[in-house]
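Hydrogens, waters and symmetry mates play no part in the numbers below; they use all other heavy atoms, side chains included.
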Amino acid sequence: MATKQRSRSRRSSPSRDRGPRYVAPVLDPNWQSPYSPTNAEKHHNQKVVRSFAMRKKLPQSIGVGVVVLILVVGVIVAPWVPIVGIAVALLYGWDLRRSLVRYETKGLALGNLVLDQFQAGGTENDRLRLATVMDRLAATFGVDAVNIYIVSDPGYNAALVPTGPGLSFFVTDALMRDFELIELEGVVAHCLARHRLGLLLRESVASIAVTSDESRRALAGQGLAYRADEVAAAAIRYPPGLAGALRKCAGENLSSTSFFAGSAYAQWRWIWFNIWSDRASDLSDLDDVELRARALEEW
């Protein structure tokens, strides 16, 4: 009898297995950090120059298309007329392809033009320090060897620019002199992040192959310096370094003798770390250095 009561008691007691069962966490294989460029983002930026060139040729393309259509329909007049239409279409396609390549080639020539604007600057110690930072971060961002140039200028700025098949990094001796190592690292990382985002060609073509400020800004893209800050800060895992560099740029009193106060900079501004060296802060603009610094300081 006692045995039956003990058995019934065990059956009526709460089971230890009735609580919530442990479920092991499973990582989403499709998840990607918002601070890493997606393939779609890079592909879009790389296509922008080609799309821009196609839009510039659109009126001419429509005209040629109408002519070709008329010639093809002309088969009712003579059987050889459509052949002329096909020949016209092929010739125009070849010319259109050549125009697209010409735009890209102009962008790839910008590095040499920038170099011609400056005198060499910096000390041997500056060059060693910059080379060390660049070698380490280039590996982090998956970039091949970069030619580095310290140029003489009283303004704070830097740029990574296509030079033919390679890349050239320009930085002013004033920045090398006044920025802490961690701030210099932030500047270099920002410029390399632009390369990772696929921005360099569109910024270079905007600087060299477009005539109006509005068209340059549309081609270079608005808010993309802000986006490059995000990618750079996530890669180096120290947003305050980049924020400090932006703060120094925002607080700079630019000399009238600086390249960044001249007309060439106004045309080429989109390739530079500080896009708006020559104006007061505008917090409505995502590319403004003051706003970019504030955003990083909130991370």
Glu298/Arg294 ion pair, N-O < 4.0 Å: no
Evaluate the side-chain proximity of [Y] to [X]: yes if any heavy-atom separation is below 4.5 Å, no if none is.
X      : Y      : result
Ser204 : Leu108 : no
Ser207 : Leu110 : yes
Leu192 : Phe169 : no
Leu184 : Met176 : yes
Leu167 : Val143 : yes
Arg216 : Gln267 : yes
Leu283 : Glu290 : yes
Val114 : Ile271 : yes

Looking only at heavy atoms, which two atoms of [X] and [Y] are closest? And how far apart?
X      : Y      : result
Ser168 : Thr163 : OG-OG1, 2.8 Å
Asp178 : Glu183 : O-OE1, 4.4 Å
Gly155 : Phe260 : CA-CD1, 4.3 Å
Ala193 : Ala228 : CB-O, 3.5 Å
Trp272 : Arg194 : O-NH2, 2.8 Å
Gly121 : Asp173 : CA-OD2, 4.1 Å

Using only atom types and a distance under 3.5 Å, with no angle test, would you say the side chain of [X] pairs donor to acceptor with the backbone of [Y]?
X      : Y      : result
Arg202 : Val49  : no
Glu203 : Ala220 : no
Asp288 : Asp282 : yes

Qualifying residues under side chain to side chain donor-acceptor pair (under 3.5 Å), relative to [X], sequence neighbours excluded:
X      : value
Ser277 : Asn157, Asn274
Arg279 : Asp285
Asn147 : none

Is [X] linked to [Y] within one hydrophobic cluster, defined over Ile, Leu, Val, Met, Phe, Trp and Tyr using a side-chain heavy-atom separation of less than 4.5 Å?
X      : Y      : value
Ile182 : Phe179 : no
Leu181 : Met134 : yes
Leu296 : Leu286 : no

Does [X] have any salt bridge (Lys or Arg N to Asp or Glu O under 4.0 Å) partners at least two apart in sequence or in another chain, and if so, which?
X      : value
Glu252 : none
Glu41  : Arg227
Arg292 : Asp229

Any residue meeting ring-ring contact (aromatic ring centres under 6.0 Å, His included) with Tyr149, in chain and number order, not counting sequence neighbours: Phe170
Residues in side chain to side chain contact (heavy atoms under 4.5 Å, CB included) contact with Thr132, at least two apart in sequence or another chain: none
Side chain to side chain contact (heavy atoms under 4.5 Å, CB included) partners of Leu128, counting only residues at least two apart: Glu124
Residues clustering with Trp270 (ILVMFWY side chains joined when closer than 4.5 Å, directly or via others): Ile275, Trp276
The single option from Leu175, Thr172, Leu130 passing side chain to side chain contact (heavy atoms under 4.5 Å, CB included) against Ile150: Leu130
Greater than 12 external heavy atoms within 6.0 Å of Lys42's NZ: yes
Residue Asp144 excluded, over 12 heavy atoms near CG under 6.0 Å: no
Pairs satisfying ring-ring contact (aromatic ring centres under 6.0 Å, His included), at least one member in residues 117-147, at least two apart: Phe118-Phe259
Could you list the donor-acceptor pairs under 3.5 angstrom formed between side-chain atoms of residues 235-242 and any protein atom two or more places apart in sequence or on another chain?
none

